[in-house]
Amino acid sequence: MTQKSAWFESPADAEKQLASAGYLSDNATSTTTYLAGALEKPLLIEGPAGVGKTELAKAVARATGAELVRLQCYEGLDEARALYEWNYKKQLLRIQAAGDQSWDETHDDIFTDEFLLTRPLLTAIRREDPTVLLIDEVDKTDVEVEGLLLEVLSDFQVTIPEMGTVSASRRPLVVLTSNATRELSEAIKRRCLFLHIDYPEAEREREIVVSQVPEIEEQLAGQIVEVVGRLRDLELRKAPSIAETIDWARTLVALGTGTLDEKAIDQTLGVVLKHASDHERAIRELRLRSK
C-alpha cells in the first residue's frame, strides 16, 4: 500500500503541484520531494549555485500553501542567530523592577516566552501550521554549527536549558541546500534524503525559460539556452545560473530583440556574466568582436 504524504499524494502529484507553482521538476526531483514529506525526513539538495535548489523549497511552500521559514547560513553563524536568544535588556528591566522579590521568583519570571527571541530553527519547530524550513547554503557555516542542527534534524526538537525541550507538534518539511564548497559531516548526511541538482539539459532549460517568460519566441529561447550552454562549458569564475538565463530572456524581450546575434550578445552579456575576466574569455571564445 502506497503511503500518502501530508504534503503531496504521489511523485506525480508533486511534479504537477510544483509545475503549478512555477517550478518544472524532473522525475528524480519530484520523487525525492514527495518522499521528504512522506517519510518526514530532511532533504539535502546539493549542486552548483543557481540551479534552483533554493527555488525548490520556495515552490514547495507556494504549492502547498505552507509558510516558508528561512535560515540563511554564513560563516560565523551561531546559536543565537539560528535557534534563539534571550532579550537581555528586557530581562534586566524586569529584574530591576522586581525589587525585593526572591531570585527564584525573578528567575521564573524572566525565562518565559515573553523574553524569548525565536530564530528560524525554533520558529519552525514551534509553528502548528504547515511550514517549510529552508536551511540555505549550509556548507557556508562552520563545522561546529552542524551540531546545532542535529537535534532538529533527528528529533525535530530544540532544548532550551531554562525552559526544557520544545518538540514539534507538526513537523516542518526541512530543505537544506549546499553548493558543495566543503564536505558536510556524515552525521548530517545520514539524517537526510539526498538530491543532486545540476544544470538542466538544453530542452529542459528551454521549457523553463518559456514557462517563466511566456512572451518570448521559441526560436529566441532556444538561442539563449544554446549560448548559455556554451558559456557554461568555458572555464569561468561563475557560470550562468538558470535565474540568469531567465533574466537574459526577459532583457532581450524588453529590448525587442528577435534574434540573439553577436551584437545582441555583446551588448547584453552583463546580464549573465558578472566578472570582467569572464566577459573577456566569453568574447574571445565566442568571437564576438573582430578586434
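Among residue pairs with one or both ends in residues 175-189, those qualifying as salt bridge (Lys or Arg N to Asp or Glu O under 4.0 Å) are E146-R182, E183-K189; sequence neighbours excluded. The salt bridge (Lys or Arg N to Asp or Glu O under 4.0 Å) pairs that include a residue from residues 62-74 are E55-R62, R70-D136, where partners are two or more places apart or lie in different chains.
Although no hydrogens or angles enter the test, the distance criterion places a donor-acceptor pair under 3.5 Å between the side chain of T245 and the main chain of S241. Under a 3.5 Å cut-off, the side chain of S154 and the backbone N or O of E151 do not form any donor-acceptor pair. T31 places no side-chain N or O within donor-acceptor distance of the main-chain N or O of A28, the cut-off being under 3.5 Å.
Considering CH2 of W7 and CG of D13, their distance stands at 13.5 Å, rounded to 0.5 Å. To the nearest 0.5 Å, the span separating CG on L56 from CG on L18 amounts to 6.0 Å.
Taking the side chain as every heavy atom from C-beta outward, L269 and I283 approach each other to under 4.5 Å. You'll find the side chain of L71 reaches within 4.5 Å of the side chain of L77, heavy atoms only. Under the 4.5 Å side-chain criterion, counting only non-hydrogen atoms from C-beta, Q212 is in contact with R250. Residues L153 and L176 form a side-chain contact, since some pair of their non-hydrogen atoms from C-beta on lies under 4.5 Å apart. Side chains of Q91 and F111 form a contact here, defined as non-hydrogen atoms less than 4.5 Å apart.
For D113, the salt bridge (charged side-chain N to carboxylate O under 4.0 Å, His left out) partners two or more places apart in sequence, or in a different chain, are R126. Take S277 and apply the side-chain hydrogen bond (donor to acceptor under 3.5 Å, both in side chains) test, not counting sequence neighbours, and it matches no residue. Residues satisfying the salt bridge (charged side-chain N to carboxylate O under 4.0 Å, His left out) test with E218, not counting sequence neighbours, are R206.
With P42 as the fixed residue, the side-chain contact (heavy atoms from CB on, under 4.5 Å) test singles out one of L173, I135, V174: V174.
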Residues 114-122 side chain polar contacts: donor-acceptor under 3.5 Å, at least two apart:
{"unit_1": "E114", "atom_1": "OE2", "unit_2": "R94", "atom_2": "NH2", "d": "3.3"}
{"unit_1": "T118", "atom_1": "OG1", "unit_2": "T123", "atom_2": "OG1", "d": "3.2"}
{"unit_1": "R119", "atom_1": "NE", "unit_2": "A80", "atom_2": "O", "d": "3.2"}
{"unit_1": "R119", "atom_1": "NH2", "unit_2": "E85", "atom_2": "OE2", "d": "2.2"}

